[in-house]
Amino acid sequence: QVQLVESGGGLVQAGGSLRLSCAASGRTFSVDAMGWFRQAPGKEREFVAAITWSSGTTYYAGSVKGRFTISRDNAKNTMSLQTNSLKPEDTAVYYCAAETGYIGSNYYSRARYYNYWGQGTQVTVSS
């Protein structure tokens with residue numbers, strides 16, 4: 001089992017920044033990749049970014065590329081998402097996720113392949 005706990009959400013004005021963190025515990029040695037997903041009211045959960053645990057290779061959704069940066073600290077078992085130039089459309093509950101199935105890069109953007117999830121943290125961007 002892998003346990004995930006997010007922190008760092010909040011209310012920010014458009015153009016502002018937030019840093020989201022995800023602390024992992026348990027069988028973290030089994031993690032292949034971790035990702036951030038978000039879900040706005042009335043919308044489906046969507047991919048934001050992912051990072052492979054061993055090599056640190058990163059993947060981004062087109063809507064956040066250049067504004068968000070995903071990173072991880074293997075020694076501390078943490079993953080972060082630095083969000084800059086936030087827009088009202090970035091408002092959502094952000095979820096941290098981990099997968100242990102070594103699914104490959106073609107699948108890192110697909111929520112169904114992640115088997116561990118955090119409880120989510122709310123990000124609200126006001127205009």
Side-chain angles (χ1 to χ4, degrees):
Q1 295 286 337
V2 177
Q3 293 79 42
L4 304 172
V5 179
E6 304 99 331
S7 60
L11 172 64
V12 64
Q13 289 188 333
S17 300
L18 283 173
R19 187 174 182 87
L20 309 184
S21 295
C22 177
S25 61
R27 298 173 61 89
T28 56
F29 61 86
S30 64
V31 172
D32 167 43
M34 295 184 68
W36 288 98
F37 291 78
R38 66 187 182 186
Q39 189 167 18
K43 295 188 176 181
E44 293 188 354
R45 191 167 298 191
E46 67 172 356
F47 170 72
V48 175
I51 188 167
T52 57
W53 203 241
S54 58
S55 66
T57 304
T58 58
Y59 305 84
Y60 294 95
S63 60
V64 306
K65 200 167 188 178
R67 299 189 298 123
F68 291 10
T69 302
I70 190 171
S71 61
R72 93 278 189 247
D73 185 328
N74 296 54
K76 296 182 179 179
N77 287 331
T78 59
M79 176 181 66
S80 297
L81 185 70
Q82 178 65 41
T83 66
N84 298 328
S85 303
L86 284 163
K87 306 175 182 179
E89 51 264 43
D90 293 317
T91 294
V93 177
Y94 283 69
Y95 296 92
C96 166
E99 63 85 12
T100 58
Y102 292 80
I103 58 178
S105 60
N106 289 339
Y107 300 93
Y108 290 147
S109 63
R110 304 188 188 186
R112 61 174 293 187
Y113 290 100
Y114 287 77
N115 44 341
Y116 298 103
W117 292 85
Q119 81 286 354
T121 186
Q122 176 71 47
V123 171
T124 303
V125 185
S126 63
S127 57

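Every heavy atom of this structure was used, including side-chain atoms; hydrogens, water molecules and symmetry mates were not.
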Chemist: Taking it one step at a time, do Ile103 and Arg110 satisfy side chain to side chain contact (heavy atoms under 4.5 Å, CB included)?
Modeler: CA-CA 10 Å; Ile103 58 178; Arg110 304 188 188 186; over 6 Å; no
Chemist: For residues Arg27 and Val2, report the shortest heavy-atom separation together with the two atoms involved.
Modeler: O-CG2, 3.5 Å
Chemist: To check you understand the geometry: which heavy-atom pair defines the closest contact between Cys96 and Met34, and what is its length?
Modeler: SG-CE, 3.7 Å
Chemist: Measuring from atom CD of Gln82 to atom CZ of Arg19, what distance do you get when rounded to the nearest 0.5 angstrom?
Modeler: 5.5 Å
Chemist: Indicate the atoms forming the closest heavy-atom contact of Ile70 with Thr58, along with that distance.
Modeler: CG2-CG2, 3.6 Å
Chemist: Walk me through whether Tyr59 and Ser109 qualify under side chain to side chain contact (heavy atoms under 4.5 Å, CB included).
Modeler: CA-CA 8 Å; Tyr59 305 84; Ser109 63; over 6 Å; no
Chemist: Would you say the side-chain atoms of Glu46 pair up with the backbone N or O of Arg38, donor to acceptor, closer than 3.5 Å?
Modeler: no
Chemist: Any donor-acceptor pair under 3.5 Å linking the side chain of Thr91 with the backbone of Val125?
Modeler: yes
Chemist: So how far is it from Gln119 CD to Gln3 CD, rounded to the nearest 0.5 Å?
Modeler: 12.0 Å
Chemist: How long is the span from the OG atom in Ser54 to the CG atom in Asn74, to the nearest 0.5 Å?
Modeler: 8.0 Å
Chemist: If you compare all heavy atoms of Val31 against all heavy atoms of Tyr102, which two are closest, and at what distance to 0.1 Å?
Modeler: O-OH, 3.9 Å
Chemist: Which heavy atom of Ala92 sits nearest a heavy atom of Gln122, and at what distance?
Modeler: O-NE2, 3.4 Å
Chemist: Can you tell me how far the CG atom of Leu11 sits from the CD atom of Gln13, to the nearest 0.5 Å?
Modeler: 8.0 Å
Chemist: Run through Phe37, Tyr107, Tyr95, Phe47 and flag the one making a ring-ring contact (aromatic ring centres under 6.0 Å, His included) with Tyr114.
Modeler: Phe37
Chemist: Val123 pairs by side chain to side chain contact (heavy atoms under 4.5 Å, CB included) with which of Leu81, Val93, Leu20?
Modeler: Leu20
Chemist: Determine the minimum heavy-atom distance between Ser17 and Asn84, stating which atoms define it.
Modeler: OG-OD1, 2.9 Å
Chemist: To the nearest 0.5 Å, how far apart are CD1 in Ile51 and OG1 in Thr57?
Modeler: 8.0 Å
Chemist: For residues Ser21 and Thr78, determine if any side-chain heavy atom of one lies less than 4.5 Å from a side-chain heavy atom of the other.
Modeler: no
Chemist: Show the numbers, then the answer: is there a side chain to side chain contact (heavy atoms under 4.5 Å, CB included) between Asp32 and Tyr108?
Modeler: CA-CA 10 Å; Asp32 167 43; Tyr108 290 147; 3.1 Å; yes
Chemist: Run the side chain to side chain contact (heavy atoms under 4.5 Å, CB included) test on Arg45 and Trp117 for me, step by step, so that the C-alpha distance in whole Å, both residues' side-chain angles and the decisive distance to 0.1 Å come before the verdict.
Modeler: CA-CA 12 Å; Arg45 191 167 298 191; Trp117 292 85; 3.2 Å; yes
Chemist: Quick one: pull up CZ in Phe68 and OG1 in Thr83 and give me the separation to the nearest 0.5 Å.
Modeler: 5.0 Å
